[in-house]
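Structure record follows, encoded as structure tokens.
We name chains A, B, ... by the order of the sequence lines, and we start the count at 1 in each one.
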Protein chains: 2
Amino acid sequence: MQHNAIQLPPLNALRAFEATARLSTLAAAAAELNVTPSAISHQIRTLEETLDIRLFRRANRRLSLTKDGRTLLPGLTDGFRRLTAAVAELEANQREGSLTISMLSTLAMRWFMPRLPRFQLEHPEIEIRISTTARTVDLEREDIDIAIRHGHGVWPSVHAEKLFQLETLPVCSPELPRPGTPLNSPHDIERHVLLHADARPDDWRMWLDGVGEPHIKASRELTFDTTDFALAAAIRGLGIAIADRHIIQDDLDSGRLIAPFETSISHDSGYYLVYPSKRASHPKSVAFREWLLREAAVG
Amino acid sequence: MQHNAIQLPPLNALRAFEATARLSTLAAAAAELNVTPSAISHQIRTLEETLDIRLFRRANRRLSLTKDGRTLLPGLTDGFRRLTAAVAELEANQREGSLTISMLSTLAMRWFMPRLPRFQLEHPEIEIRISTTARTVDLEREDIDIAIRHGHGVWPSVHAEKLFQLETLPVCSPELPRPGTPLNSPHDIERHVLLHADARPDDWRMWLDGVGEPHIKASRELTFDTTDFALAAAIRGLGIAIADRHIIQDDLDSGRLIAPFETSISHDSGYYLVYPSKRASHPKSVAFREWLLREAAVG
DNA sequence: TTTTTAATTGAGAAAATTTCAATTAATGTT
DNA sequence: AACATTAATTGAAATTTTCTCAATTAAAAA
């Protein structure tokens, strides 16, 4: 009926004995275990009674191990060392160890990855693992520590902190506007190819609504799985993509992309940093979140 | 201030987690630890809260380990296995292992040792160690499991069971009575050498008092440290020794010694089997005591 | 559908642990 | 030699931990 053939005596009594035997005095053991010597004395007595074996010889005012006590000690010391090591490993892992972060691939590629080296410089002890998926992941089930999600900041059983508001605008290669096919006003779009992302099918429509030209129709359209591909296509001069300002900022800065029009559309949704309430206080999680919020504030 | 850098979470919580993780269900862990599943559930919750780390994923009505839980488990399993092994070793030692028996050397040589092989046949798993000393030993201090003591059966903090009453009688070599120096009545002793033992200086006087001849004086006297030596001398024909009937029985049976007179003196003291109350119930101790009492009853 | 199985929860009960204050006894100190 | 110190022990009471019970949720099996 019982998996372990032998029934262990009370664990705390074993620990009290182990500490006392190792340190030779009740006082020292008591200090190690944060209790009074009296408590230790009671525990040892309990253990001796449970086992029905005398472990210490009480001579003068000093304790010395009996043969049985000497038999028992090393195994216990070793056992408790193991337990301590196991817990210590877990806690070290908590402080340092790896941090798994989930986000959509476009954000990972265009915004997160370029910034990541700065975090790794600040916290070389934290190993980052990036998990990119299209769907919204269950943080608990997938062992995700932190996620960046797009939405309105309301999800069940997680904490959410806003990184930035979504703000989309058209971009294209600097080579795209040519003398015959300029891009000076939204109307010029009609002579160009519009690049769409399946994941965000409404971005173009919302932008055109925003500039007051809902009826503009492009000469051709191209659709990709993700914004990431649409942007890659834009860089290669295949047409005009539309994406969030944060995501394209680096490409704009480097000149790979230009924003032919001033107008950007502010959405009511945004990118949120999301994490399970349970892991909110873990040092590596806190460090990462603070860093990410700083990065988001910069741009 | 603290020897162990890390403070262990409650040991019972660790054990509850370990069992549950190893056996996959609360019910199984509860059975192993002889508690209800509810208790296990509380313990695991306590552990998770103490560590501030989620160890199980609660999906459906099934538990599965998180990455952290998987990190923690093997170390704990190992640690508890070691603790269990240490205690098991001690308990096996208690059942079998060695049994240290203290007694005076004469008794050991002349009464105990000849009988010992029979015990070893019955209990080959118990290793006997015989400790012979002249003085009365402190059982606790010397790690003695059982002693055979001479006295009146009253000693502090030990159990005592009577083996046999002391009953002394004179013995000598069968060669000793010669035509010129017979041994037919106590008076004949005057023509012989009396062999004494320092440890029991009054035995001869008490015997002579007992036979109503307190004034008999031997031609010569020889004194040894112990009765054992006196008997060895008697066997070699050096004179007449006096000793307890049980001790010399084997020598009488084998014909090495004879008892020239019928009269033996019953003393009010005797040999007692003595053991610390604390070890009274240990199987190997019980087995030995039962055997020894049987042997003593036979003779 | 109903029944069973598994885990969880909260409250109260039970058990274990700890402290406190008093005691014993040996060791240093003056 | 008297006195203060140090160490362990003890019993009773207080505290904390652990456990059970009964109720609840929810999925799986019949």
Atom-to-atom span, [atom1] of [X] to [atom2] of [N] - whole angstrom:
X	N	atom1	atom2	value
A:I40	C:dC20	CD1	C1'	16 Å
B:R57	C:dT8	CZ	P	14 Å
A:L11	D:dT17	CG	C1'	13 Å
B:L47	D:dC19	CG	P	13 Å
B:Q43	C:dG10	CD	P	17 Å
B:L14	D:dT18	CG	C1'	15 Å
A:E48	D:dA8	CD	P	14 Å
B:F56	C:dA6	CZ	P	15 Å

5′-ward residue of the pair A:A39/A:R62 relative to DNA chain C: A:A39
Looking at D:dC19, C:dT8, D:dA8, which one has an atom nearest to any side-chain atom of B:R45?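 Taking heavy atoms from C-beta onward, the closest nucleotide is C:dT8.
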Ignoring hydrogens and angles, answer whether the base of C:dT19 and the side-chain atoms of A:H42 contain a donor-acceptor pair closer than 3.5 Å.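 Result: at least one qualifying N/O pair found.
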Once hydrogens and angles are ignored, does a donor-acceptor distance under 3.5 Å link the base of D:dT10 to the side chain of A:S38? yes
Over all strands shown, is A:T46 touching base, sugar-phosphate only, or nothing at heavy-atom distances under 4.0 angstrom? nothing
Any side-chain heavy-atom pair of B:L26 and B:I44 under 4.5 Å: yes
Do B:H150 and B:Y272 touch side chain to side chain, with heavy atoms closer than 4.5 Å? no
Using a cut-off of less than 4.0 Å, is there contact between a side-chain N or O of [X] and OP1 or OP2 of [N]?
X	N	answer
B:S41	C:dT8	yes
A:R58	D:dT9	yes
B:T36	D:dT20	yes

Closest-nucleotide 5' rank along DNA chain D - winner of A:N12 and A:L26: A:L26
For the residue pair A:F119 and A:W291, categorise the inter-ring angle as parallel (less than 30°), tilted (30 to 60°) or perpendicular (more than 60°). tilted
Should the ring pair B:F288 and B:F112 be called parallel, tilted or perpendicular, given that the plane angle runs from 0 to 90° and is split at 30 and 60? tilted
Here's one to test your reading of the geometry: is the NZ or CZ of A:R289 within 45 degrees of the ring axis of A:Y275 and under 6.0 Å from its centre?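 Yes, cation above the ring, under 6.0 Å and within 45°.
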